[in-house]
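Notes follow the structure.
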Amino acid sequence: MDRNAMADSSIPASLAAQLSEIVGEEAIVWRRSELKVYDCDGWTVEKSMPDLLVLPHTTAEVSAVLKALDRHGVAFVPRGAGTGLSGGCLPLNAPVMICTSRMNRILSIDYGNRRVEVESGVVNLHVSNAVKAQGYFYSPDPSSQMACTIGGNVSENSGGPHTLKYGVTTNHVLGAELVLPDGEIVNLGGATEERLGYDLVGALVGAEGTAGIVTRATLKLTREPEGRQTLLAIFADVADATRTVSAIIAAGIIPGAIEMMDNLIIRAVEEAFHIGLPPDAAAVLIIEIDGLSVGLGDRMGQVGRLASECGAGDIRVARDDKEREAIWKGRKRAFGAVGRLAPNYATQDGVVPRTRLPDILREIAAIAERYRLRIGNVFHAGDGNIHPIVLYDERDYDEVRRAIEAGRDILKACVDLGGSLTGEHGIGAEKMAEMPLIFSPDDLIVMSELRRVFDPNQRSNPNKVIPTPGGCVEVSQPHRQAPL
Ligand SMILES: Cc1cc2nc3c(=O)[nH]c(=O)nc-3n(C[C@H](O)[C@H](O)[C@H](O)COP(=O)(O)OP(=O)(O)OC[C@H]3O[C@@H](n4cnc5c(N)ncnc54)[C@H](O)[C@@H]3O)c2cc1C
C-alpha cells in the first residue's frame, strides 16, 4: 500500500497496515480508480466511495478486521455482490467497506435434514446448482440470483418470483453465524426449526447490514416439485391482468409464481431476447403451477379459464422445458433489457394488497404523466409486490429530480392503498425518509433499541434504514446524487 497515496484517506495509516496484515495486501483495495466500482449498488441515483475495501477470506479474518475497526472507532458497510436496489451498501459515514465475495464456499449439504451450510458470499444460484442433481433447490430466487449473495439475501430478506408459494428468505434460514461490530463471533438459531427464546435469526434477516457481518448461514433445502407447467396469458387491458391475479387466488389455487410485465417491459424484453412476446399486448401474466403431476393439467386448465373469463385474449402453455425456460429468461432478465430504453433507471419496490393492483397501476400511470417520465412495470403480481421502473438520464438534473419525486409519490400511493414501502429490496439509503409514513416515532425508537442490541455504537452500516428523529440523516462523507 502506498502510504503517500493514502494521505487523503480518513483511515489512519496504522489501521490500514493492521488490516493489510490480517487479510493480506492483495485483499485490500485503496486506489480511488479501483474503488470507483464500489461507489453504488443497483440504486444508481446516489453515489459514494469507501476509503478502503477489505475482502476477507474467513470468519476469523472478519472478526480480526472488525476488532481493529472497533479499536479505532471506525464505521464500516458490509457488501455482498452490490446488486441491492435501495442503496443498502452505499457507504454513508462508513469509510471501510467489507465485501464477502471471497467467502464463497458451500460448507456442507445434509439431504437427510434438508439443509445446507454456506459462507455468506456464496452466490444464490450456486446453492441450487449444487443440490439439483439430488432433486432439491434453494427456493428464494431473486431475479438477480446469478449474481447476488446469500449474505445480501439474508440482509434484505429477499424474495423472488416463487415467493408466492414458497415464502421469502426468512422462511428458509435456520441459523446464521454473525460477527458483531466489536468482532465477537456469535451463532444465532441452529440446525433445527424448533428453537427456544427470542427469534434472533428473525431479527437478523432483513437487518440490512446494521447488525454486523453475516459470515455463514444454514439454509433449508426444498424438494423439486414432481411437475411444473407454465403459461403466458396475454391481455389487451392491464386491469384485466391484475383482476386475473385475485381471481386465481380467490379460487383457492396458489401457483408457484404469478408475474406480470406491462407493454413497455414486454417490448424491451422482446427486442432483447426474441422469445415471442406479443409487442402490442398491454400486459402479460406468467403463471406457473407446480406440485404433484396428477391433477396439474386440470389446475392449469382452471387457471387458463379464469384468465379468459377476466379478459385474456390469448393463453399459451409452454410445451416443454425449453419454452418454459425461454419465458423465465425473459422475466428474469427484464431489468437488463430495460437498459436498452434509457441510460438510467430506478426500480421501485412497493407493496399493495393484491386486490388493489388495478388502483396502483392507474396511479403509477398518472404519476408518469404528471412527472413527464416513462415508467414500466414488471413485478411479483401474486404478492402485490410492484416494481415500477422509472427511466431517466442522469445527465439531466431536472429529470433525476422528477424521477426521485415520482418514486416517492408511488410509495406514498402504496401506503395510502393499505400497502407497504418495500416487499424485498429493503429501505437502505433510498427510502429512509418515507419510514414515518408507516411507523410512528415510538416504533422507530423501538427499532433503534433492537439495532443497538447488535450494534451499540451504530458502526455497522450507519445512516441506513432508521431515520434519525426530526428528519433524515446528516451525512458528512462525500456523497452525491447522480447528476451533481
Ligand atoms: C436485476 C436485478 C434483479 C433483482 N431482483 C430481485 C428480486 O427478484 N427479489 C429481490 O428480493 N431482490 C432483487 N434484487 C435486489 C438484490 O439483488 C437483492 O437485494 C440481493 O439480496 C442483494 O444481494 P447482494 O449480495 O448483491 O447484496 P448487496 O447489494 O451487496 O447488499 C445488500 C444489503 O445487504 C448488506 N449485506 C450484504 N452482505 C452482507 C453480509 N454478509 N452481512 C451483513 N450485511 C450484508 C449490505 O450492507 C446491504 O445493506 C434485484 C437486483 C437486480 C440488480
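First listed ligand is number 1; within each ligand, the first listed atom is number 1.
- For ligand 1, the atoms lying closer than 4.0 Å to a non-hydrogen atom of Cys89 are 30 (O), 48 (C).
- Taking atom 42 (N) of ligand 1 as the reference point, the nearest protein heavy-atom neighbour is Val214 N, 2.9 Å.
- In Glu156, the part holding a heavy atom less than 4.0 Å from any atom of ligand 1 is the side chain.
- The distance from ligand 1 to the heavy atoms of Arg79 drops below 4.0 Å at these ligand atoms: 30 (O), 37 (C), 38 (N).
- Scanning all heavy atoms of the two residues, the minimum distance from Asn153 to Cys148 falls at ND2-SG, 3.3 Å.
- Heavy-atom proximity to Gly151, at under 4.0 Å, picks out these atoms of ligand 1: 38 (N), 39 (C), 41 (N).
- Taking a cutoff of 4.0 Å between a charged side-chain nitrogen and a carboxylate oxygen, Glu394 and Lys47 qualify as a salt bridge.
- Annotation for ligand 1: atoms under 4.0 Å from non-hydrogen atoms of Ser158 are 11 (O), 18 (C), 19 (O), 20 (C), 21 (O).
- Within the 3.5 Å criterion, the main-chain N or O of Val168 finds no donor-acceptor partner in the side chain of Thr163.
- When the heavy-atom distances from atom 23 (O) of ligand 1 to Cys148, Ala81, Ala211 are ranked, the shortest goes to Cys148.
- Close placement of the Phe137 and Tyr166 rings is indicated, their centers lying within 6.0 Å of each other.
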Can you give each donor-acceptor pair under 3.5 Å made by side-chain atoms of residues 71-78, sequence neighbours left out, with the distance rounded to 0.1 Å?
| from | atom 1 | to | atom 2 | distance (Å) |
| --- | --- | --- | --- | --- |
| Arg71 | NH2 | Gln18 | OE1 | 3.3 |
| His72 | ND1 | Ala68 | O | 3.1 |

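- For Asp349 against Gly426, the heavy-atom pair with the smallest separation is OD2-N, 4.0 Å.
- Enclosure of atom NZ in Lys412 is not indicated, since only 12 or fewer non-hydrogen atoms of other residues, nucleotides or ligands lie within 6.0 angstrom.
- With respect to atom 37 (C) of ligand 1, the closest heavy atom belonging to the protein is Gly80 N, 3.5 Å.
- Of the protein's non-hydrogen atoms, Pro78 O, 2.6 Å is the one closest to atom 47 (O) of ligand 1.
- A salt bridge does not link Glu208 with Lys464: none of the charged nitrogens is closer than 4.0 Å to a carboxylate oxygen.
- Both the backbone and the side chain of Thr149 come within contact range of ligand 1, each with a heavy atom under 4.0 Å.
- In terms of protein heavy-atom proximity, atom 48 (C) of ligand 1 is nearest to Gly88 C, 3.5 Å.
- For atom 11 (O) of ligand 1, the closest heavy atom belonging to the protein is Gly159 N, 3.0 Å.
- If you look at His425 next to ligand 1, the close heavy atoms, those under 4.0 Å, all belong to the side chain.
- Side-chain N/O atoms of His425 and Glu156 include no donor and acceptor closer than 3.5 Å.
- Those atoms of ligand 1 that come under 4.0 Å of a heavy atom in Ser120, given as number and element, are 41 (N).
- Salt-bridge check for Lys36 with Asp39: passed, with a basic side-chain N closer than 4.0 Å to an acidic carboxylate O.
- Scanning the protein for heavy atoms near atom 28 (P) of ligand 1, the closest one is Gly82 N, 3.6 Å.
- Not one N or O on the side chain of Glu430 forms a donor-acceptor pair closer than 3.5 Å with the backbone of Trp43.
- Under a 4.0 Å N-O distance rule, the pair Glu224/Lys132 does not qualify as a salt bridge.
- For atom 34 (O) of ligand 1, the closest heavy atom belonging to the protein is Ser155 CB, 3.2 Å.
- Annotation: cation-pi pair Arg114/Tyr136 absent, no NZ/CZ under 6.0 Å from the ring centroid and within 45° of its normal.
- Every atom of ligand 1 with a heavy atom of Asn461 under 4.0 Å away is listed here by number and element: 47 (O), 49 (O).
- Distances shorter than 4.0 angstrom occur between a heavy atom of His380 and an atom of ligand 1.
- Each of the atoms 41 (N) of ligand 1 lies under 4.0 Å from some heavy atom of Thr100.
- Looking at Lys332 and Asp141, a side-chain N of the basic residue comes within less than 4.0 Å of a carboxylate O on the acidic one, giving a salt bridge.
- Some N or O of Thr83 is nearer than 3.5 Å to an N or O of ligand 1, by distance alone.
- In this structure, the protein non-hydrogen atom closest to atom 27 (O) of ligand 1 is Gly152 CA, 3.5 Å.
- Put simply, no part of Ala207 is less than 4.0 Å from ligand 1, judged by heavy atoms.
- Residue contact annotation: Ser144 has a non-hydrogen atom under 4.0 Å from ligand 1.
- For ligand 1, the atoms lying closer than 4.0 Å to a non-hydrogen atom of Phe335 are 1 (C), 3 (C).
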